[in-house]
Each structure stands twice: as C-alpha cells, then as structure tokens.
Protein chains: 2
Amino acid sequence: MLPSQKFSGAFTADEEVPRTLVENAYLALRRDIVDGKHAPGSRLRVEHLKGDYGVGAGTLREALSLLVSDALVVSEGQRGFWVTTISHEDIEDITRNRLLLETEALRASIKNGDDEWEAELVAAFHRLTRVEEKLNTTVARMREWEDRNRGFHEALISACNSRWLRYLIGILYRQSERYRRFLLTSSRAKRDIHAEHSELFDAAMKRDVRRASAALELHIMTTFEIIRQTSEEDLQRPPKGVRRNNVSA
Amino acid sequence: MLPSQKFSGAFTADEEVPRTLVENAYLALRRDIVDGKHAPGSRLRVEHLKGDYGVGAGTLREALSLLVSDALVVSEGQRGFWVTTISHEDIEDITRNRLLLETEALRASIKNGDDEWEAELVAAFHRLTRVEEKLNTTVARMREWEDRNRGFHEALISACNSRWLRYLIGILYRQSERYRRFLLTSSRAKRDIHAEHSELFDAAMKRDVRRASAALELHIMTTFEIIRQTSEEDLQRPPKGVRRNNVSA
DNA sequence: GATTTAAATAATCTCGAGAATATTTGGAAG
DNA sequence: CTTCCAAATATTCTCGAGATTATTTAAATC
C-alpha cells in the first residue's frame, strides 16, 4: 500500500497521482497481481521484471517491498520475492474476517453518519446502479463496475469513526479482489447482485443496523459461495491473457 | 513486517535470524521506533540514517518500505519518510480494535485448542509468572517481561484457526507496544498485572469463553486507561536516552 | 515589517555495476 | 537408476554517484 495513502480511506481506491517511479511500479505490479497476470505462488524475479516495468533493480525491489504491506507479495532473505498464494482456505478466512470487520464498521458508520454521508452514499449507489443496469461484461465495463462497487462499499463505511478498522478492511478488500476474476466463470446468471446492493442501500439509508448488517453479510457470503464452487485447480489457473505485460505509465 | 514472517504467528515475536542487511536495518529501525528513539512524527532522513545504521541509501530505503507494512512509517513521494504519529485518539482506536479482534481470536482458540495448546499456554504462563514475581524494573528485565508477555498473549490465541485474524492482531499488537513505555510513569503500583494474567490464564484453561473474554477485555482496557492518564504533551516527549543509536547487528 | 523572488543548499530518487549467495547443470561414483 | 559433488550459471543483495526535486537562505520589492 502506498504509505501516504494508508489511512486515507477504507479501500485505497484512487491513489493520488504517482510522483515517483517506485509508486508507478508499485501500482502496475499490484494491478497485475490482483488480475492474476502474475500467477499466485509464482516467483517475481527482479532481474526479469525490471525490464518489463522499465525501472532499475533497486526501484523494483522497493516497489516489491511496498507490496508486502498489502500481503500480495512475500519474500525470503537471499531467495527473492513471490506472489502470495491463493486457496479456498484463504478466501474462506478472508471472508470470515470481512464479515466480522465490515459489519462492525457498517454499524459504526450508520450510527455516526450525517447528512453528507447520506448524500455520498446516494451518489455512490446511483453510479453503481447505472453501470449494473447495463449487463455488459466487457473488460472495460468490468473494471468500471469494480471501481464503482468499491466506491459504494467505501461510502457505506466512510462514516465509521475508526481509522484502524477502515485500514484493516482495506487490506482484506484488496485481497478479496484477487478472487473476483473467478466470479465471471459460473453461476453468475443466478445471482441478482443489484438486488443485494439495493437491499443494503435501502437498509443503510433507513438506519436499520440489523437489516443492513444482514444484507452485507449475505452479500459477502454469496460472493464467497460462488468462488467456493470453483475447483482448487481452476483457482491456480492463470487468466486468458497469459503474457506478462509492461508498465503503462 | 518481514515478509517471510507475515503469517508465522500472531505477534511476529521472534523473527528468524536476519540474513540480509535489509532485514538487519529493518529490525534495528523497528526497535528504535517502537522504543521512541525516533520520535513519533519525526522525519527519517535516508541521508543521515544510512550512516547511523551502517548501510547504503538503497538498502535503508528498502528497510523503510518494509516498515510501512507495520504502519510504523509513512512516506510521501519526493518528500521522504516519517515516523507514524501517536496520540490519545490513536491508542483509543487501537484498543477498540484489539478488543474486537483479540476476543474473537480467543474464542476460536479456546474452542479449537488441543492438549498441545494447553501445554504451551501453561509453559508461557509459567515463564511470565517467574519474571513478574521479581518486581525488577531495570531496562533489561523490562524487555524480558515484554517478550514473555507477548509470548503469553500469543500462546492464548495460537489455536485460533484464522491466519488473517492472527495477522491483523499482530499489526495492532506491534502498534500498542509503542505506547508501552508510558505505562511505567504513573499509577503502576495500583495495578496488579499478574492478577489480570492469572485470571485470564485460569479462565482459558477451564475453557470458559465468557470469563476469559471478560478478563482479556479488562486487561486491554486497564492498559489503555493508564496511558489515557498520560498527558498528550508527555505522549510526544522522547524517552530518556534522546540520542539516536547505531545498528547493533 | 511582510511578502515575493532567486540562488544556494539539502535531500530524495534512480540507475548501473560488482560482490555475495542460491540454483541448476553435468558428470562421477555407488 | 539414484545419490552425491563440483563447476557453471543465474539471481539477489549492496553500494556509490549523478540527476531530479524539495527546502532553506538571502536579497529585493512593496
């Protein structure tokens, strides 16, 4: 996580414009890891990657060290860096802790939220609704949906008065994004995700903590249940575009 | 946090022997920040620190990047690194989240703990008891007490089956250690910390979740209440040995 | 005196190359 | 065929120096 953004919000969605090559490489690497371009468990060789991302070895090492704070990368002295593994056990654990932390944050947010919070929530829900109306599953649309989905969930808990809680949720949310690409494979049709969001939004606006918590729990659990149906084998499989890609900045 | 140790345990107490200069500098820097040798909010100038810790600029930058994962250091592009600030608001927030997470972990640990868990807990409690019997407050004893206290708390939740929960607790525990040096100043006499530990141990061994949780909550809250009595001014004051110190490795 | 501008100073950021370490390859022995 | 060992290769780790950017100092103007 970019140090300066650590406590900015819950989900560290829009990092401010990167000012250094380290920050650039960090963002590009993070995107590629979350998208599965670098396979979970695979080695991240500085010697090769510095060419792909167009920076020097020291710069890339620093970016990799930053990624450790997101638990997306692990390393071992004198042996290098690896992409953190994913597994059914892992997503189940992430889900369990998201349930605990996000419901707690939602509770606090509903309790503390003022008019401005409501206004931002209405806006975020509107943006999400618009993109969910179009059942377009192109890559570009998918990324837009991800951004707006994150924006909505961030708006929900933005009035939570615990910085640490928002920070910890941010770590878990970023982790869960790694599993999102498996949501498109199966049984997506059966799910009415907009209905889930709608119920959640409605309950939050009515300040109904119990109903809102239940809706959030259902939302998180439903997501998990779909991923759960993916075989452990498919979980390890890389996405369509296998090739490693360059830095775009 | 050292990448390889991320998921090793709850509190990342004993890192394995450092194999690189980066890891060495990381450990030394972390200790100095936790101990307040580098004042909260103060700037960490790579140009100066590389001399103090006996490493090159790149190596030190990497160590600082690693410290971001512990939320002990923040940075801003082109402006450098700072020690994360501390405040009453911060420790209150840390406390709030420790209460939430540690009681949850304790609950799971008591539920899942086997004979081996009990054995390790008995051993950890014994070690802690021995050092608490001697009311010695020298610096060396204090550090020993800190290690054994961490060992006891780690043993308590070691049977928790959620790696992520243990990891998140580790982050918060490390943060709370930054405030420990303010526990020695006032009203220490009034507190019977061994009685708190004893009650906690007893309840855990009897598998009494409610009593154990209550004891843990009381323990965490009592610690917070003492720090709360420290003035915000004293909180910002550096410890006795003001001078910056060199790397020991 | 307060504000603005420009030079001087200090620090960060970045890369390339060399030393230290790990991994792989190839061959010999059992 | 398997195991062990040594050479060859590949990669990590580390530092120093230069380019870029921020900060401070000093002078000049209002």
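Since this is a predicted model, take the numbers as computed values, not measurements. Within every chain, numbering begins at 1; the chains are lettered A, B, ... in the order of the sequence lines, protein sequences first and strands thereafter.
- One can place CD of B:E62 at 7 Å from P of D:dC13, the figure rounded to the nearest angstrom.
- Legend: residues meeting side-chain hydrogen bond (donor to acceptor under 3.5 Å, both in side chains) with B:H88, ordered by chain and number and at least two apart, are B:E232.
- No donor-acceptor contact under 3.5 angstrom links the side chains of B:N97 and A:Y167, judged on distance only.
- Backbone-only contact: A:L44 has heavy atoms under 4.0 Å from sugar-phosphate atoms and none from a base.
- Counting 5' to 3', DNA chain C first comes under 4.0 angstrom of a heavy atom of chain B and last does so at the ends given by C:dA11 to C:dA22.
- In this structure, A:R45 and A:T20 both approach DNA chain C, and ranking their closest nucleotides by distance from the 5' end singles out A:T20.
- Between the A:S65 side chain and the A:R61 main chain, a donor and an acceptor come within less than 3.5 Å of each other.
- If you check every strand for non-hydrogen atoms under 4.0 Å, B:E47 touches a base.
- The nearest whole Å value for the distance from the CZ atom in A:R79 to the P atom in D:dA10 is 18 Å.
- Taking the six-membered ring where the residue is Trp, B:Y179 and B:F182 present tilted rings, their angle falling between 30° and 60°.
- Ranked by how close their nearest DNA chain C nucleotide is to the 5' end, B:A57 and A:W82 are led by B:A57.
- Put simply, the side chain of B:D114 gets close to the backbone of B:E116: a donor and an acceptor are under 3.5 Å apart.
- No side-chain donor-acceptor contact under 3.5 Å links A:N149 and A:R127.
- Between the P atom of D:dA19 and the CG atom of A:L21 lies a distance of 16 Å, rounded to the nearest Å.
- Regarding A:H48, its NE2 atom lies at a distance of 9 Å from the P atom of D:dA10, rounded to whole Å.
- For B:L60 and D:dT14, the CG to C1' distance is 13 Å, given to the nearest whole Å.
- The NZ-P distance, from A:K50 to D:dA10, rounds to 14 Å in whole Å.
- When rounded to the nearest whole Å, the span between CD of A:E23 and C1' of D:dT20 equals 15 Å.
- At a cut-off of 3.5 Å, with distance as the only test, a side-chain donor of B:D90 or A:W164 sits close to an acceptor on the other residue.
- The side chain of B:R19 contributes no N or O atom lying less than 4.0 Å from OP1 or OP2 of D:dT12.
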